[in-house]
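Notes to accompany the following structure.
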Amino acid sequence: MSTTKDLITTEQASNINLRIAARVRGLRTEQDLTLDTLAVQCAVSRSMLSLIERGESSPTAVVLEKVARGLGVSLAALFDDPAAPAIPVARREDHTPWRDPGSGYIRRNISPENYPSPIKIVEVVLPAKTRIAYDSGSRKVPLAQQVWVQQGILDVTVGKMPYRLKQDDCLAMPLNLPISFHNRTQKLVRYIVVVGNERARSGDKIRRSELRDGLNGAGRARPAHN
């Protein structure tokens, strides 16, 4: 497979934009936030937020990440269907794909929607010669993320630390630093993203400073190998 053109239909794109609209509106309402307040918290204009909530915009993944950060949730949380039943099983047909209008990458939430769990699993397909960068920052509830490469070679930069990941490599990171994903090759890269709520990890005694500083410690993580 060398392109992403056939991985998502026009109908699916329209449906998931409406899903994102309902999800953002619902999360904002739950937190008793006005559009103006959320605009300040996520550094996205009030007019753009209004368009997103009405389903009249196709926001990029970079914009949605800012909105998610302002709402204190993971990007994956914005793709859940608010009307889906909270059951522990997600079938293959439930994994609705979404194409980022900015980079063209495809993502699918794999985890059961709305089921109470501290973990979210997402599949991502990054097209050839594509880079996407998130200005990730701290959230009300600290989140941790792991990236597991299934196909291809992926360059990931966390803060200022670069990593080159090949098939079956896995990288762990906190979601409190800028992160970029770069496919420098001529082929698709497919990888799994697992996002977890750090506070939900039972018995975990790792201090926040250790988790953050671990990315810069030579003995705790291996840098990119060219």
If you measure from [atom1] on [X] to [atom2] on [Y], what distance do you get to the nearest 0.5 Å?
{"X": "Glu65", "Y": "Leu75", "atom1": "CD", "atom2": "CG", "answer": "5.5 Å"}
{"X": "Thr157", "Y": "His182", "atom1": "OG1", "atom2": "NE2", "answer": "9.5 Å"}
{"X": "Asn176", "Y": "Leu143", "atom1": "CG", "atom2": "CG", "answer": "9.5 Å"}
{"X": "Asn17", "Y": "Ser58", "atom1": "CG", "atom2": "OG", "answer": "4.0 Å"}
{"X": "Glu30", "Y": "Leu71", "atom1": "CD", "atom2": "CG", "answer": "9.5 Å"}
{"X": "Lys66", "Y": "Cys42", "atom1": "NZ", "atom2": "SG", "answer": "8.5 Å"}

Between [X] and [Y], is there a donor-acceptor pair closer than 3.5 Å when you use the side chain of the first and the backbone of the second?
{"X": "Asn183", "Y": "Thr185", "answer": "yes"}
{"X": "Ser47", "Y": "Ser45", "answer": "no"}
{"X": "Ser111", "Y": "Ile121", "answer": "yes"}
{"X": "Arg46", "Y": "Thr37", "answer": "no"}
{"X": "Gln146", "Y": "Ala172", "answer": "no"}
{"X": "Arg108", "Y": "Glu123", "answer": "no"}
{"X": "Asn114", "Y": "Asp80", "answer": "no"}
{"X": "Arg28", "Y": "Leu33", "answer": "yes"}
{"X": "Asp100", "Y": "Gly102", "answer": "yes"}

Counting C-beta onward and ignoring hydrogens, is there a side-chain heavy-atom pair between [X] and [Y] closer than 4.5 Å?
{"X": "Ile110", "Y": "Val122", "result": "no"}
{"X": "Lys129", "Y": "Gln186", "result": "yes"}
{"X": "Val193", "Y": "Val124", "result": "yes"}
{"X": "Val189", "Y": "Gln151", "result": "no"}
{"X": "Arg131", "Y": "Ser180", "result": "yes"}
{"X": "Tyr163", "Y": "Leu154", "result": "no"}
{"X": "Leu78", "Y": "Val24", "result": "yes"}
{"X": "Leu165", "Y": "Val156", "result": "yes"}

With a 4.0 Å cut-off on N to O distance, would you call [X] and [Y] a salt bridge?
{"X": "Glu93", "Y": "Arg91", "result": "no"}
{"X": "Glu113", "Y": "Arg19", "result": "yes"}
{"X": "Arg184", "Y": "Asp155", "result": "yes"}

> Mind checking whether Phe181 and Tyr134 have parallel, tilted or perpendicular rings, split at 30° and 60°?
Replying inline: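 Perpendicular: the ring planes of Phe181 and Tyr134 meet at over 60°.
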Provide the closest heavy-atom pair for [X] versus [Y] in the form atom of the first, atom of the second, distance.
{"X": "Pro97", "Y": "Ile106", "answer": "CB-CG2, 4.0 Å"}
{"X": "Ile52", "Y": "Ser57", "answer": "N-CB, 4.2 Å"}
{"X": "Pro112", "Y": "Pro88", "answer": "CG-O, 3.3 Å"}
{"X": "Ala77", "Y": "Arg23", "answer": "O-NE, 2.7 Å"}
{"X": "Pro127", "Y": "Gly104", "answer": "CG-O, 3.5 Å"}

> Name the one of Asp168, Leu171, Val194, Asp169 that satisfies side-chain contact (heavy atoms from CB on, under 4.5 Å) with Trp148?
Replying inline: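 One option only clears the test, and that one is Asp168.
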>> Evaluate Leu49 against Leu38 for side-chain contact (heavy atoms from CB on, under 4.5 Å), listing each step before the verdict.
In response: CA-CA 8 Å; Leu49 288 174; Leu38 180 56; 3.9 Å; yes
When hydrophobic residues are tied together by side-chain contacts of less than 4.5 Å, even through go-betweens, does [X] share a cluster with [Y]?
{"X": "Ile192", "Y": "Tyr105", "value": "no"}
{"X": "Val67", "Y": "Leu35", "value": "yes"}
{"X": "Val62", "Y": "Val195", "value": "yes"}

>> Could you walk me through whether Leu27 and Val73 satisfy the side-chain contact (heavy atoms from CB on, under 4.5 Å) test, starting with their C-alpha distance in whole Å, then the side-chain angles of each, then the deciding distance to 0.1 Å, before giving a yes or no?
In response: CA-CA 9 Å; Leu27 287 168; Val73 300; 4.2 Å; yes
> Looking just at side-chain N and O atoms, do Ser50 and Arg54 make a donor-acceptor pair shorter than 3.5 Å?
Replying inline: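 A pair is found: one side chain offers a donor N or O, the other an acceptor, under 3.5 Å apart.
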> Does CG belonging to Asp36 count more than 12 external heavy atoms closer than 6.0 Å?
Replying inline: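 Counting neighbours around CG of Asp36, more than 12 heavy atoms of other residues, nucleotides or ligands fall under 6.0 Å, so yes.
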>> For the residue pair Arg107 and Phe79, would you count it as a cation-pi contact if the rule is NZ or CZ under 6.0 angstrom from the ring centre and within 45 degrees of the ring axis?
In response: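 Yes; both conditions hold, so Arg107 lies above the ring face of Phe79.
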